Enquirer: 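Following this message is one structure expressed as structure tokens.
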Number of protein chains: 2
Amino acid sequence: MVTIKDVARVAKVSPSTVSRVISDHKSISESTKERVRLAMQELGYHPNYIARSLIKCSSHALGLILSRSTESAFSNPFFSEILRGIGKVAQKHQYTLALATAENYKDEAKQGLQMVMERRVDGLILLAPRVNDDLIRELSRNNYPFVVVGRVNGMQHHYAVNNDNIQAAYTAVRHLLNLGHRRIAFLNGPSEYTFCQDRYQGYCMALQEFGVAVDPRYVRNLENHHEDDYRMGKELLKQKPRPTAFFLTDDLMAIGVYRAVKEENLRIPQDVAVVGFNDDAFANLLDPPLTTVQIPIYEMGKTAAEMMIAVLHGKEVTPPQKILSSELIIRESCGAKAR
Amino acid sequence: MVTIKDVARVAKVSPSTVSRVISDHKSISESTKERVRLAMQELGYHPNYIARSLIKCSSHALGLILSRSTESAFSNPFFSEILRGIGKVAQKHQYTLALATAENYKDEAKQGLQMVMERRVDGLILLAPRVNDDLIRELSRNNYPFVVVGRVNGMQHHYAVNNDNIQAAYTAVRHLLNLGHRRIAFLNGPSEYTFCQDRYQGYCMALQEFGVAVDPRYVRNLENHHEDDYRMGKELLKQKPRPTAFFLTDDLMAIGVYRAVKEENLRIPQDVAVVGFNDDAFANLLDPPLTTVQIPIYEMGKTAAEMMIAVLHGKEVTPPQKILSSELIIRESCGAKAR
DNA sequence: ATGAAAGCGCTAACAA
DNA sequence: TTGTTAGCGCTTTCAT
């Protein structure tokens, strides 16, 4: 392994001079810089990131946890899109992204905590906060730096970026109500996630505004697999009276629901209207194209990473909680546009 | 920060003893172990991963590059599934996963090289090898450890895990030929990837076997977005004579193609048969359910990570190149089953 | 403008 | 069984 000492020897300077050349220190003469750089090139030297981390007391890495449940609840396009945003910013600031995978929530919390405790990462970006989140509680108890993508229940002092889930769901459901729908089914994700809770709240708000009671028979929390979307869609369509519209917490659900509707010999949008969430790349290609809520996933990822890095650099971050807004993209899965 | 010295002081032993307790060294008496562990708990001590890495000359991390193009070429379900496999194994062996994101290939190569050169990672797992891959060439030239998921062109000495792309494509196309199709369109990914090359080869082999000439008008290499799948599907359907079947290099393409077929007032499978690739979770929920090639993505990820870690531990890995087999899942998008 | 020396937190010979 | 010591590769005072 080529070290700073080797370079020093070849360039006939001291190790500290080499170190100063690496960080482009002002008080080193151009000629020495040249000489040292030449030696580095000649020897194929590259600074050892670990040695630097040790002395700087910083791994220069951001932690991320991909849980089996996060993955399914959030659906894949969401995950890879937010990752792209986070990665972009991390790259810009020369931060490494450390990814831990976990099979369940307990594991997720353990892995996350371990990453910060062992100093593998300087801070954590959390992707799917729960209504009662152990990991978040532990992190803030120990003052480990973290940024949440989503809303945290009952905590003031933390950093977070989120989209306006309540408002978004409200707008989507209002759209259906405006079109005359009154029996609106809601296929939501697991209720332990705050974003699912928020979307449910938006759903309720809209119904309430139109004087429609929330009928629990029309609301489902899906745990996992896309087969369930299909099954639940079928089940809801068999209810009497059957819902005339579906609000989905994820565009991916539309594939199963579309199929369920067709199998019941019903048509979209004539018999059943559908609104999705996320505006995945394929939403426009479904038949009929899916009306859905577009949220700035990539932007959220970028913002979360920017916040995290700013916090780690001791900068003041205001406001500590940022909400990015979403937009309802109206296509053809609900029929005519509302006036 | 709580260090090993603090623990030593509290437990009234030397730092080396504490170190030995951490690694559960045999020659430490139970009573001392107890005492030290108590002190660790009391002080909230956690071993500093970076300091350990420095002395061990190993970051205990595996590098992974998520390129914008990898992402789209491979499609998302593929990526997150292979990540799950890799993560599972990494976690088992206490390896960190370091993820770099890149916008294009040049960047990808640069990032990958940097990760190993700076010792941020001990080795690299490469996800979408190209026909002429600079990164792979550089890595092997410098003897940096890496494992490839896919096939590498013209290289003997490297580790790789792959699925049988040629065979898989051959089987899929043969299935269509057996059903009587002779004009079979192929929507492939960018030809710079070896896996696309291989699938093309399998496609040609099957046609050849049936004495059907490969007609370039029916073969397309798609670069990127799902909108293209739809557009290309449309375009191919307008050809005279029009293809009676589609072979897709990715299930996600089916969404756009299904739409294109419907818009031309054609039916699947009566007028046009479709075979996909990957067996994504939603393939079974399309209308009609998609016949597709199922490849063991999760297994491939696990295998690649196991290989990488074995190599890093200096173990002999035989065979250095592993091929996992795939299976054609016959559903309803091609009509009656072949005899 | 440059060098000498100490030390980041840990491990691993070598002693005892 | 345990302690002493040196050092991993780098940065950073403090000298010069």
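Since the model is a prediction, treat every value here as computed from it, not as a measurement. A, B, ... follow the sequence lines: proteins, then strands. Residue 1 opens every chain.
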Enquirer: Holding to side chain to side chain donor-acceptor pair (under 3.5 Å), I want the full list of residues that pass it with B/Ser23, two or more places apart in sequence or in another chain.
Expert: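 Testing B/Ser23 for side chain to side chain donor-acceptor pair (under 3.5 Å), a comparison that skips the adjacent residues, returns none.
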
Enquirer: Mind calculating the distance between NE2 (B/His25) and P (D/dT1) to the nearest angstrom?
Expert: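 Computing the B/His25:NE2 to D/dT1:P distance gives 10 Å.
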
Enquirer: Which pairs with one or both residues in residues 310-324 of chain B pass salt bridge (Lys or Arg N to Asp or Glu O under 4.0 Å), sequence neighbours excluded?
Expert: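 Qualifying pairs, neighbours excluded: none.
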
Enquirer: Residues in side-chain contact (heavy atoms from CB on, under 4.5 Å) with A/Arg119, at least two apart?
Expert: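 Here the qualifying residues are B/Met1, B/Asn48.
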
Enquirer: Do we see a donor-acceptor contact under 3.5 Å between the side chains of A/Ser58 and A/His60?
Expert: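 No, because no side-chain N or O of A/Ser58 sits under 3.5 Å from a partner of the opposite role on A/His60.
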
Enquirer: For chain A and DNA chain C, what are the first and last nucleotides along the strand, 5' to 3', with at least one atom under 4.0 angstrom from a heavy atom of the protein chain?
Expert: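 Terminal contacting nucleotides, 5' to 3': C/dA1 to C/dG9.
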
Enquirer: Would you say B/Ser19's side chain and B/Pro15's backbone share a donor-acceptor pair under 3.5 angstrom?
Expert: no

Enquirer: One thing to verify: whether A/Asp24 and A/Lys33 come together as a salt bridge, which I'm taking to mean a side-chain N less than 4.0 angstrom from a carboxylate O.
Expert: yes

Enquirer: Looking at DNA chain C, which of residues 31-40 of chain A put a heavy atom within less than 4.0 Å of it?
Expert: A/Thr32

Enquirer: The helix from C/dA1-D/dT16 to C/dA16-D/dT1: angle between its terminal axes, five pairs each, to 10°?
Expert: 40°

Enquirer: Using a strict threshold of under 4.0 Å (side-chain N to carboxylate O), is an ion pair present between A/Glu108 and A/Arg130?
Expert: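 A/Glu108 and A/Arg130: salt-bridged.
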
Enquirer: Show every salt bridge (Lys or Arg N to Asp or Glu O under 4.0 Å) that has at least one partner inside residues 10-22 of chain A, sequence neighbours left out.
Expert: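 Not a single pair qualifies under salt bridge (Lys or Arg N to Asp or Glu O under 4.0 Å).
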
Enquirer: Quick one: list whatever passes side-chain contact (heavy atoms from CB on, under 4.5 Å) with B/Leu54, sequence neighbours left out.
Expert: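 Applying side-chain contact (heavy atoms from CB on, under 4.5 Å) to B/Leu54 gives A/Ile50, A/Ala51, A/Leu54.
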
Enquirer: Could you tell me whether A/Glu42 and A/Arg37 make a salt bridge, using a distance below 4.0 angstrom between a side-chain N and a carboxylate O?
Expert: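 No, no charged N to carboxylate O under 4.0 Å.
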
Enquirer: Please write out the pairs of protein N or O atoms and N or O atoms of nucleotides 9-11 of chain D separated by less than 3.5 Å, giving the distance to one decimal.
Expert:
from: D/dC10; atom 1: OP1; to: A/Tyr45; atom 2: OH; distance (Å): 2.5
from: D/dC10; atom 1: OP1; to: A/Asn48; atom 2: N; distance (Å): 3.0
from: D/dC10; atom 1: OP2; to: A/Ile4; atom 2: N; distance (Å): 2.5
from: D/dT11; atom 1: OP1; to: A/Arg52; atom 2: NE; distance (Å): 2.9
from: D/dT11; atom 1: OP1; to: A/Arg52; atom 2: NH2; distance (Å): 3.2
from: D/dT11; atom 1: OP2; to: A/Ser19; atom 2: OG; distance (Å): 2.8

Enquirer: Per the side-chain contact (heavy atoms from CB on, under 4.5 Å) rule, which among A/Val116, A/Asp133, A/Leu113 passes with A/Glu138?
Expert: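 Exactly one option meets the side-chain contact (heavy atoms from CB on, under 4.5 Å) with A/Glu138, and it is A/Leu113.
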
Enquirer: Taking any heavy-atom pair under 4.0 Å as a contact, classify B/Ser27: base, sugar-phosphate, or nothing.
Expert: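 Base contact.
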
Enquirer: Dump the intermediate steps for side-chain hydrogen bond (donor to acceptor under 3.5 Å, both in side chains) on B/Ser59 and B/Asp122, then the final yes or no.
Expert: CA-CA 6 Å; B/Ser59 61; B/Asp122 293 343; 3.1 Å; yes

Enquirer: Just by distance, no angles: are the side chains of A/Asp107 and B/Gln91 close enough, under 3.5 Å, to form a donor-acceptor pair?
Expert: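 A pair is found: one side chain offers a donor N or O, the other an acceptor, under 3.5 Å apart.
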
Enquirer: Which residues pass the side chain to side chain donor-acceptor pair (under 3.5 Å) test with B/His313, sequence neighbours left out?
Expert: B/Tyr95

Enquirer: Please give me every residue in residues 110-122 of chain A whose heavy atoms get under 4.0 Å of an atom in DNA chain C, ordered by residue number.
Expert: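 Residues of residues 110-122 of chain A under 4.0 Å from DNA chain C: none.
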
Enquirer: A/Leu324: which residues meet the side-chain contact (heavy atoms from CB on, under 4.5 Å) condition with it, sequence neighbours left out?
Expert: A/Val161, A/Pro296, A/Glu299, A/Met300, A/Thr303

